[in-house]
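Structure first, then comments.
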Number of protein chains: 2
Amino acid sequence: MTIHPTDQATAGAARRPTRQRAALAELMSTTSEFLSAQDLHAKLQERGDSVGLATVYRNLQAMAADGDVDVLRTDDGECVYRSCGTEAHHHHLVCRECGRTVEVEGPAVETWAAEVARQNGFSDVTHTIELFGTCTSH
Amino acid sequence: MTIHPTDQATAGAARRPTRQRAALAELMSTTSEFLSAQDLHAKLQERGDSVGLATVYRNLQAMAADGDVDVLRTDDGECVYRSCGTEAHHHHLVCRECGRTVEVEGPAVETWAAEVARQNGFSDVTHTIELFGTCTSH
DNA sequence: AACTCACATGAGAATGGTTGTCAACAAGGA
DNA sequence: TCCTTGTTGACAACCATTCTCATGTGAGTT
Ligand SMILES: [Mn+2]
Ligand SMILES: [Mn+2]
Ligand SMILES: [Zn+2]
Ligand SMILES: [Zn+2]
């Protein structure tokens with residue numbers, strides 16, 4: 001059984017620069033909400049920088065593996081991506097109405113997670129912590 | 001945009017008791033790991049209490065809506081269900097090797113989540129907090 | 001610049017968990 | 001027993017994501 005793979009260490013295997021990845025990265029850098037691969041693919045098409053859907057998926061995965069973008073799953077199982085301001089470990093407070101996202105840190109929650117894991121003898125612990133709510137604009 | 005629906009309050013609309021739901025509930029009450037709908041469907045078949053796959057899905061959703069079972073998504077997007085010991089709000093520490101699950105509470109983390117939301121002016125806040133690791137049997 | 005070659009791309013097919021359809025069933029009140 | 005209505009199950013349909021593979025393109029090398 002594998003509920004949550006450990007696919008961490010993705011040593012920087014020289015990725016080749018392409019127009020497609022550049023366009024995607026540029027688009028994401030100017031967007032603050034979490035968007036799905038399909039959303040991004042559509043926006044690229046509107047904008048003229050047409051990129052194949054499979055390529056969007058592949059690059060998003062690569063960028064996520066490299067830690068360049070954050071991923072989370074919507075309630076209906078769709079993956080959504082976002083280019084965050086910091087490379088450091090953090091979590092998100094997302095508006096479920098408009099997608100507005102705030103990056104949050106929680107030293108307390110980090111130590112809590114580590115402590116709980118230790119007390120139960122678990123090792124190689126990772127965690128998923130996301131907050132959802134309704135922002136002030138609603 | 002809807003990243004995380006608020007589908008909470010599902011007033012107890014009298015659900016009609018059936019052999020199928022009983023078999024499913026019974027199976028889940030004797031299982032401690034998180035299992036997928038397909039896993040459960042297969043186990044029911046082995047055991048003789050054959051139940052249609054669609055029915056398994058429907059009942060799991062109903063049970064989840066009623067708060068009778070907990071749901072979480074595996075890394076590959078599959079929903080997995082578990083009948084927990086308590087009805088009270090809690091989280092999980094799951095072994096990614098064998099699925100062994102420990103129910104954990106975190107008053108500190110609850111207040112942290114609420115506080116972060118308040119500071120950013122978000123309302124109707126919910127959170128997703130799950131811990132994954134490797135248990136002592138590995 | 002021409003040559004090479006491994007990596008990247010894209011159009012479309014395939015995958016697979018989940019949901020929809022709808023006729024046959026069955027719980028429970030009249 | 002009869003009716004009404006929620007429930008079931010076999011199978012089709014959905015749809016996000018992955019796979020396939022022929023073609024394209026970085027970037028060294030000569
Ligand atoms: Mn953290
Ligand atoms: Mn909590
Ligand atoms: Zn909002
Ligand atoms: Zn284990």
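The sequence lines fix the lettering, A, B, ..., with proteins before strands; numbering per chain opens at 1.
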Listed partners of [X] passing side-chain hydrogen bond (donor to acceptor under 3.5 Å, both in side chains), at least two apart:
| X | result |
| --- | --- |
| Asn120(A) | none |
| Glu105(A) | none |
| Asp70(B) | His90(B), His92(B) |
| Gln20(B) | none |

Inset, instruction - State which residues pass salt bridge (charged side-chain N to carboxylate O under 4.0 Å, His left out) with Glu110(B); sequence neighbours excluded, sorted by chain then number. - result: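 Glu110(B): no salt bridge (charged side-chain N to carboxylate O under 4.0 Å, His left out) contacts found.
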Legend entry - Partner set under salt bridge (charged side-chain N to carboxylate O under 4.0 Å, His left out) for Glu26(B), not counting sequence neighbours: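 Checked Glu26(B) against salt bridge (charged side-chain N to carboxylate O under 4.0 Å, His left out); matches are Arg47(B).
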Inset, instruction - Hydrophobic side-chain clustering at under 4.5 Å (ILVMFWY, transitive links): who's grouped with Trp112(B)? Put none if nobody. - result: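 Via sub-4.5 Å side-chain contacts, Trp112(B) links to Leu93(A), Val102(A), Val104(A), Val109(A), Trp112(A), Val116(A), Phe122(A), Val125(A), Ile129(A), Leu131(A), Leu93(B), Val102(B), Val104(B), Val109(B), Val116(B), Phe122(B), Val125(B), Ile129(B), Leu131(B).
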Inset, instruction - Report, as a single string ordered 5' to 3', how protein heavy atoms within less than 4.0 Å touch nucleotides 10-24 of chain D: B base, S sugar-phosphate only, - not at all. - result: B-----SBBBB----
Inset, instruction - Using a cut-off of strictly less than 4.0 Å, decide whether Asn59(B) has a side-chain nitrogen or oxygen near OP1 or OP2 of dT7(D). - result: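 No, no such contact exists.
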Inset, instruction - For the helix from dA1(C)-dT30(D) to dA30(C)-dT1(D), figure out the bend between the end axes, five pairs an end, and round to 10 degrees. - result: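 Between the first-five-pair axis and the last-five-pair axis there is 20°.
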Inset, instruction - Just grab all the salt bridge (Lys or Arg N to Asp or Glu O under 4.0 Å) pairs involving residues 129-138 of chain B, residues at least two apart or on different chains. - result: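 For residues 129-138 of chain B, and leaving out neighbouring residues, there are no salt bridge (Lys or Arg N to Asp or Glu O under 4.0 Å) pairs at all.
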Inset, instruction - Using modelled atom types only, decide if a donor and an acceptor are shared between the side chain of Glu87(B) and the backbone of Asp68(B) within a distance under 3.5 Å. - result: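 No, the answer is negative, given that no donor and acceptor are paired below the 3.5 Å cut-off.
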Legend entry - Distance, rounded to the nearest Å, where Arg15(B) contributes CZ and dT8(D) contributes P: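 From Arg15(B) CZ to dT8(D) P: 10 Å.
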Legend entry - Span of DNA chain C, from the first to the last nucleotide whose atoms fall under 4.0 Å of chain B heavy atoms: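 So the contact region on DNA chain C extends dG17(C) to dG28(C).
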Donor-acceptor pairs under 3.5 Å, side chain of residues 49-64 of chain B to any protein atom, not counting sequence neighbours: which ones?
from     : atom 1 : to       : atom 2 : distance (Å)
Thr55(B) : OG1    : Arg58(B) : NH2    : 3.3
Tyr57(B) : OH     : Gln38(B) : NE2    : 3.3
Asn59(B) : OD1    : Arg21(B) : NE     : 3.1
Asn59(B) : OD1    : Arg21(B) : NH2    : 3.0
Asn59(B) : ND2    : Thr55(B) : O      : 3.2

